[in-house]
Amino acid sequence: MASRPTGSMTKTVEERDHVVIRFAGDSGDGMQLTGDRFTNATAILGNDLATLPDFPAEIRAPAGTVHGVSAFQIQFANNDVTTPGDHADVLVAMNPAALRADLDKVARGGTIIVNEDSFTQRNLEKAGYASDPTTDGTLDGYQIYPVPMTSITVRAVESLGVGKKEAERSKNMFALGLVSWMYGRPVDVTLRWLEKKFGGKPEIYEANVASFNAGYNFGETTELFAHQIHVAAAPVTAGTYRNVAGSQALAWGLIAASVRSGVPLFYASYPITPASDLLHELSKHKNFGVVTIQAEDEIAAANMALGAAFTGHLGVTGTSGPGIDLKAETIGLAVITELPMILVDVMRAGPSTGMPTKNEQGDLLHAMFGRHGESPIPIVAPSSPADCFSVAMEAARVAIRYRSPVILLSDSFLQNSSEPWLLPDVDALPTIDPLFAKANGSDFLPYARDERLARPWAIPGTPGLEHRIGGLEREDRTGDISYEAENHERMTHIRREKVDGIAADIAPLEVDDPTGDAELLVLGWGSTAGTIRAAVQRVRGSGERVATAHLRWLNPMPTNTGEVVTKYRRVLIPELNSGQLTMLIRAAFLADAKTFSKVQGLPIWADELEDAIVRMLHG
Amino acid sequence: MASRPTGSMTKTVEERDHVVIRFAGDSGDGMQLTGDRFTNATAILGNDLATLPDFPAEIRAPAGTVHGVSAFQIQFANNDVTTPGDHADVLVAMNPAALRADLDKVARGGTIIVNEDSFTQRNLEKAGYASDPTTDGTLDGYQIYPVPMTSITVRAVESLGVGKKEAERSKNMFALGLVSWMYGRPVDVTLRWLEKKFGGKPEIYEANVASFNAGYNFGETTELFAHQIHVAAAPVTAGTYRNVAGSQALAWGLIAASVRSGVPLFYASYPITPASDLLHELSKHKNFGVVTIQAEDEIAAANMALGAAFTGHLGVTGTSGPGIDLKAETIGLAVITELPMILVDVMRAGPSTGMPTKNEQGDLLHAMFGRHGESPIPIVAPSSPADCFSVAMEAARVAIRYRSPVILLSDSFLQNSSEPWLLPDVDALPTIDPLFAKANGSDFLPYARDERLARPWAIPGTPGLEHRIGGLEREDRTGDISYEAENHERMTHIRREKVDGIAADIAPLEVDDPTGDAELLVLGWGSTAGTIRAAVQRVRGSGERVATAHLRWLNPMPTNTGEVVTKYRRVLIPELNSGQLTMLIRAAFLADAKTFSKVQGLPIWADELEDAIVRMLHG
Amino acid sequence: MAEENGDVSGIATLTKKDFTSDQEPRWCPGCGDYAILAAVQGFMPELGIEPHNTVFISGIGCSGRFTYYMDTYGFHGIHGRAPAIATGVATANPDLHVWVVTGDGDALSIGGNHLIHALRRNVNIKILMFNNQIYGLTKGQYSPTSEEGKVTKSTPFGSVDHPFNPVALALGAEATFVARTVDNDRKHLTDVLRQATEHPGSAFVEIYQNCNVFNDGAFDLIRDKQQGLHNQIRLVNGEPIVFDEGTRCVRVGENGRLEIAAVADSDPSSIITHDIHGRPSLAFALAHLSHGPTEPTCIGVFHEEDRPTYGEAVRSQLERAVERLGPGDLKTLLHGGDTWTVG
Amino acid sequence: MAEENGDVSGIATLTKKDFTSDQEPRWCPGCGDYAILAAVQGFMPELGIEPHNTVFISGIGCSGRFTYYMDTYGFHGIHGRAPAIATGVATANPDLHVWVVTGDGDALSIGGNHLIHALRRNVNIKILMFNNQIYGLTKGQYSPTSEEGKVTKSTPFGSVDHPFNPVALALGAEATFVARTVDNDRKHLTDVLRQATEHPGSAFVEIYQNCNVFNDGAFDLIRDKQQGLHNQIRLVNGEPIVFDEGTRCVRVGENGRLEIAAVADSDPSSIITHDIHGRPSLAFALAHLSHGPTEPTCIGVFHEEDRPTYGEAVRSQLERAVERLGPGDLKTLLHGGDTWTVG
Ligand SMILES: Cc1ncc(C[n+]2csc(CCOP(=O)(O)OP(=O)(O)O)c2C)c(N)n1
Ligand SMILES: Cc1ncc(C[n+]2csc(CCOP(=O)(O)OP(=O)(O)O)c2C)c(N)n1
Ligand code: SF4
Ligand code: SF4
Ligand SMILES: [Mg+2]
Ligand SMILES: [Mg+2]
């Protein structure tokens, strides 16, 4: 190893259960990288954690303005972490704009570390500050640490012969070093990574190492920080872990399904925030035989995926709100042609273009009903970044077994945030038999069905199975066009029964009701799982009896869902929408479920939900 | 008048309350015209009536085949007629294919008149008959009248110098003449129409008159028919009537809204069965300043209409299932830009291409939820062909007043069928004030709102009101782009409240519960109104107490809807789908409503529904 | 079906019957679609490609029904999207022979975007566009190829839309093979289809097709045995462009422009020699000699160009990825980043 | 805002400020969009059209934000649909001056169909396509104008798509005005915009726009003050096409083909004189001299053609309908068929 921080441990250490840190700076300041590295060191230390990058809107605003702020938040703890945290204990603000943008995300009394050098008149103005908030009383009530990060960094690398610009650019490593010291993160991990990344460019490498060390040593040696904070490792299942973001996990789950079924993966998509990362990730893995196409639009993407499904591939198309609208007609075609296909909808705040970088769970009812005619489709939603992996495999399993399009409802939060993932035993992953049709000498009936009501998947190139499919109503069994009244009704019922029948093939709804006599059920779906877990833990901590359950399959719901929701006197459904699951539950089971609704483009905070649960229990 | 039938009334006359007649023949046989003329004569006689054309699938099949059969059905009565009739009392079959295609639509014991001349070996084969059904016992149990229509017609016109082909072609007039005699329809009306239509071509005119008279006289003079049937006029409100099909009424309603608001009508559409007739009808009336555009696709059509709405026109776009899917994204844009626009969805049997010429009410939930994000929209549905007129005006009123897109859910049945319409007093039609924004010197706030939460409609060309709108979330009042969390939630609520608030501006749900103590409510929407009325009349006739109500607005529902549906112990909702309104009612009011579902591309028959009501009452 | 599972008995045994499904065609009597169907079914056997390796994909329109009548694999898609479905099929399995059957509305109105993108990508699909200058299936509205002023159900006062020139549009979209033929000239049609099949990549073939119900006679000037003689400018690669029984020609006029002239009045060196393999601008100029079949009009192959097909390019990229990264291994993928092991 | 209600104070008083909204532009520092915005805002006053009679309509993309910075009426639509919205606006009210601002992805990928249809219809809209050969807003995927082999986020192994030539595509789509210019040559840009504005009907203007973040330098060969001198083929109507400081020219070669040659080696009569008003095939050939800005490339107006605008055609049809049928009267309409009166 080139070098490492020189400071020795001379300060006191304070124990904490959990900490939330937020790194914020200009888009060009490398905050995502900083956060990412900190996350890694934290994961390796054995803390449980959850992270959330918080990008600015798509267009890069002029440097130094509030619109250009990019932030990264991480919560880590000595126990189960379910969310990236409601409010930050520590904010690292690289410039005034970052402070201005994120101050309201810091817990009252929290710590704020600012890059003093950037608090120039000009930058204050750009951020819209009339006077310096670090001195004018704005930050009263916070612990504020001004650190001249830029100048120390520049000084630290002076001797290395890198230009001033390069030197300044490595100030994020200074911040990383400083915070690493504060929380006793391992140094080696970061240094090793720097070597791997910049090994080929010795000057840059040296500069980054020097900055990182300078930050670390600054913490150790200056009087500014009284003590280090220690967060013990979380007790976790033994095994090999990595940190994974939802977009990676989802992509890998699709690849795994392809490997374990022998059905090649075909991904057609049109770029759109926040779904584009799936396209980016999958196109890296062409050595798995993954075909990726950037189509001319979402309609084309869906039709290409459907054409590939017809051809014996696992056809997948991913998009977000505006794009899923456009795919509606094609999804209907997939429903009537009964081909295995996955539609990934990475939800974002709507309606219309809405707030493309913000989160929402607004598309559930659209997924259920967003096609003309009676057009049922299975819908599944992951509950955490790592869960995207198994949900992707599950979606593929159902799509292939049932010859059906499946909608996978992810969201912006799941896509972008990350968590440690206990890597599965690859050989123990489920296999999926595509059961391609084979000619057997008798007349081929493309719409005959097996016990699951699945029709044959007869792929072009197979002799003897030539047949024609399409969007006009099919005759039962033969698949010929039919305008016959009873046939249409029969086919309508079959399509619905097939989807409903999947309920027999999925896990029942698991209820977590430790005392067995809870009054209230908190029912969730999708990315709110973590918050719900946290909030329920808190209210249970104060002695309340609350049950919780989480729906992975939204259509069909597990067979025991009705039983579960009607068992509890009160049902609260937290949703990042106006009550979409609530409406399905009410209609299906006539249960008087209520919504905890938040439509702000933000996650639900555990404390908000805690309040709501308590209110419902006692209100 | 050139001439008129010569026969004198020598036969007995039988009284009937109502009669259902079905004319069926090859696509080239002119059955729609025949039906249309019979309808006219019937209307003028003062019978109440309802009609339904039944076209073959879009492509013309070879002449003489079952796929090429075109039929027209009419029910007329001495009282309120609500449907074109479940089963025909009389079928006129111009060839074997027509008989084969429509036999199951004839009431057991009904009358079948066939064109004997067409029952040749060749035609029987084309229709798929192995032997002659008129003689082989197939028609046992029906009253069958073989009439050599072609040969009599040819003989009747022999002397007029028309070619054989022309002569044969006028055999539909023979059929019309015969049936006109059977039901004592006025002769003058038809003769006058023939004169108007063929006045310029004397030979054709004479031939048609001669055929018509020959048919009429054939009834009067031959021994074949023992008696005429008389159906007395229905007691109706005084006034001027015309027969109107839903597509006409809807088009005229839009024109009327334009005239009564002074807002020019702009209709952009892409052809699709069964919505194309709206485009056809509207493009005839350019002298009302109606702009019609056949767009390159449905997406373009919707965007053109939206652009026109922005420009101060009443932007309307009409389509059917596959097309409404494609418009989803644009409807979302209309929701967030809050512009007055009407989306007409003429529903047809789905999913996907489905059965394009068949009817269904499958798009209600799609209309409600078929866009990503929280994107509420008002939805209104006409209940009869003539009702399309006032529903179109109503949709325009709400769109303009509330600056909101509105979905008008019509269907294939409403579009194609017709009924007598008491013409409204044009000067008494409601007026609509567009309340265009005007500059008043102060800063213009495009997202400030009036008491109905409607924002200003500030149209390009107005000095001082320059402003920018779009699909990104808007800041309250200013309309600037906003990513602010609370603003987004506020706007989400405002959009919903605005739509919900329309409830205060529409008629309450009217319940028809004559005894006031009904156990069961039959709740309907859309085109099933007639069947529901008929079925409820019947069960009431047998002493049952049944209430009925019909929802014109599906979103928002009238304010008293919850009160109504929870008042009755049982609620039955007949729908041409799997229970879409039922699901909304259950979710909104936790009422245990049940669906009477029919998904066959056919109307619900009154007797089926009658059975279902009785079963529910006593089952 | 042509043969049973596995028993692929070879080229010689294929006949028209092997490509004819059991569904009875249901176009209007007299429709030009029948002739095209017969020509295609008749011509397929000579390609020596088995029905099970052939896929027909169509959109919605009268032409869309074509798929049902071919005893091959078939996908009757939704309106306008056939080129996209076909891109999926042809890219997923580049060994298949993929045909797209579409109409002037399907391909150029709602489907215009997919068409131009499939062409620029050079997806290996043969696109047969049945141009009847009308919407047949929806019973008679004008289409993007209908002439200005056309009176139809949707334009009772006449259309105000200027039509596309499909060949020019395809050329503008970087098509690598562009041709035009007519429904009732079986030899010419078959000949063009043969060249389209031999071309590696997208082939765009416009077929003038008579809709005798809603637009009868639209192509008579070109299609009629008599009139056609004078008005068809038959393009033959490598030959001078002369027509009208040798009396008229296409020559280079002022400032490089092409024009129609009498052979007698023309300097032989100014007469254009047809060259399908050069830059597409010659083909474009030929397409613009007439705007629609109301004047002398070129038929035949306008342009052909060599470019890697999309399917092959994608496939070879997959192969190169394996060469570069090794065959995909799940364990390597999942364990690829920073990992740590607990207990 | 330029003026208060009613107080339209006339052409002379309009300034750049009247067209500048209160929203601060938020593109990346250095983005070519700034230069175009400045040019447009600077040029609008000289047209003498008041802001309230001007409408800017954009799609989604970095370019789409343009609308917010113009103090005119504006509609920031959805991705790819701006030409359709604009068709609605320009047809509903042909007196408005309607501009479309779009990107290479917005216009040519998702929006390709609306673009080509707006062009063939000759809707009176001025389409400014900011071509940066990349998807900027979604952070760097290749676009339909990106060169083959391009490595981007979505194509880590290089793109296999052959790009469009936007000018050729527009010509293939029957455009009546087609031009190309560059973001950083304000004079040329303004000049082209002026001609576009004067043209009655659709004007398609491709603007080479540098995306300094995701595709920096893509147009340097043409756009750079030094290199541009040698590689810009500036088209001037009625003048011989020579460039590279007069040393090179475009001439008619063998079989009517255009080619680039040294002036010194060329027979003066073979050098093409630019003629924007003839058949579009000359323009097409000029567009095909290069495929993308990696060789000498034409800029300026390629083609202009007179055709009635869509809005005027629609309006005059309404007027003729009134002449023919009389002004619409509701009572006449409703009572127009067979009626009967009861009681
Ligand atoms: C999304 C959608 N829009 C509209 C239609 C209705 N439609 C079916 S075919 C067609 C046009 C057919 O014209 P063309 O492609 O020229 O085919 P042709 O019938 O003339 O062969 C239309 C508008 C549809 N099926 N789907
Ligand atoms: C229906 C839909 N699909 C995808 C997107 C995402 N999206 C926004 S802009 C864009 C492409 C932008 O590229 P371009 O038009 O070249 O504009 P630039 O940003 O380069 O100016 C995409 C794919 C969207 N907003 N809507
Ligand atoms: S409508 Fe025209 S194109 Fe369609 S089947 Fe009939 S003749 Fe052929
Ligand atoms: S991403 Fe590119 S095009 Fe977009 S604003 Fe930045 S520099 Fe301009
Ligand atoms: Mg056609
Ligand atoms: Mg771009």
Side-chain angles (χ1 to χ4, degrees), chain B residues 26-28 55-68 70 126 128 247 267-287 290-301 318-323 325-326 348 350-354 356-357, chain C residues 23-31 33-34 58-66 68-69 76-81 104-115 134-144 146 150-161 163-164 211-214:
Chain B
D26 206 65
S27 293
F55 299 111
E58 289 101 334
I59 298 198
R60 295 199 183 176
T65 67
V66 169
H67 301 282
S70 174
K126 274 201 217 158
S247 54
Y267 187 77
S269 182
Y270 186 69
I272 187 166
T273 305
S276 308
D277 281 344
L278 273 176
L279 173 61
H280 304 161
E281 181 63 29
L282 285 167
S283 34
K284 290 180 196 154
H285 304 293
K286 294 202 184 292
N287 58 330
V290 180
V291 174
T292 59
I293 296 193
Q294 180 176 315
E296 59 270 27
D297 65 14
E298 286 87 351
I299 301 178
T319 188
S320 186
D325 289 0
L326 290 169
R348 66 184 211 188
S352 196
T353 313
T357 53
Chain C
Q23 302 289 303
E24 191 193 334
R26 283 218 207 104
W27 289 299
C28 305
C31 177
D33 290 358
Y34 285 103
S58 56
I60 307 286
C62 294
S63 60
R65 299 290 176 113
F66 199 93
Y68 292 116
Y69 310 138
H76 182 217
I78 44 179
H79 196 29
R81 317 301 174 190
D104 43 328
D106 194 58
L108 299 179
S109 197
I110 192 168
N113 204 33
H114 309 302
L115 176 72
I134 199 82
Y135 284 9
L137 190 71
T138 49
K139 304 193 171 170
Q141 300 84 11
Y142 76 111
S143 92
S146 301
K150 188 160 196 90
V151 173
T152 68
K153 281 203 185 129
S154 56
T155 49
F157 297 90
S159 132
V160 298
D161 292 39
F164 282 132
C211 168
N212 54 306
V213 170
F214 295 111

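Reminder, nothing fancy here: chain letters follow the sequence lines and each chain counts from 1.
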Output for pair (Gln294(B) CD, Gln141(C) CD), nearest 0.5 Å, gives 6.0 Å
The reported gap from CZ in Phe157(C) to OG1 in Thr292(B) (rounded to nearest 0.5 angstrom) is 9.0 Å
Taking every heavy atom of Ser283(B) against every heavy atom of Ser154(C), the minimum-distance pair comes out as OG-O, 3.4 Å
Turns out that what part of Leu282(B) lies under 4.5 Å from chain C's heavy atoms comes down to neither
With sequence neighbours left out, the residues meeting side chain to side chain donor-acceptor pair (under 3.5 Å) with Tyr267(B) are none
Whatever's closer than 4.5 Å to a heavy atom in chain B on Leu108(C) counts as neither
Using side-chain heavy atoms (C-beta onward) and a distance below 4.5 Å, is Ser352(B) in contact with Ile78(C)? yes
All heavy atoms of Ser109(C) vs all of Tyr270(B), minimum pair found to be OG-CE1, 3.4 Å
Residues pairing under salt bridge (charged side-chain N to carboxylate O under 4.0 Å, His left out) where one sits in residues 268-282 of chain B, two or more places apart or in two chains, turn out to be Glu281(B)-Lys284(B)
- Could you tell me whether the side chain of Tyr135(C) reaches within less than 4.5 Å of the side chain of Ser276(B), counting heavy atoms only? no
Scanning both residues in full, the closest heavy-atom pair of Ile272(B) with Thr138(C) reads CA-CG2, 4.4 Å
If one checks every heavy atom of His79(C) against chain B at 4.5 Å, the contacting part turns out to be side chain
Bottom line for Ala300(B): the part with an atom under 4.5 Å from chain C's heavy atoms is neither
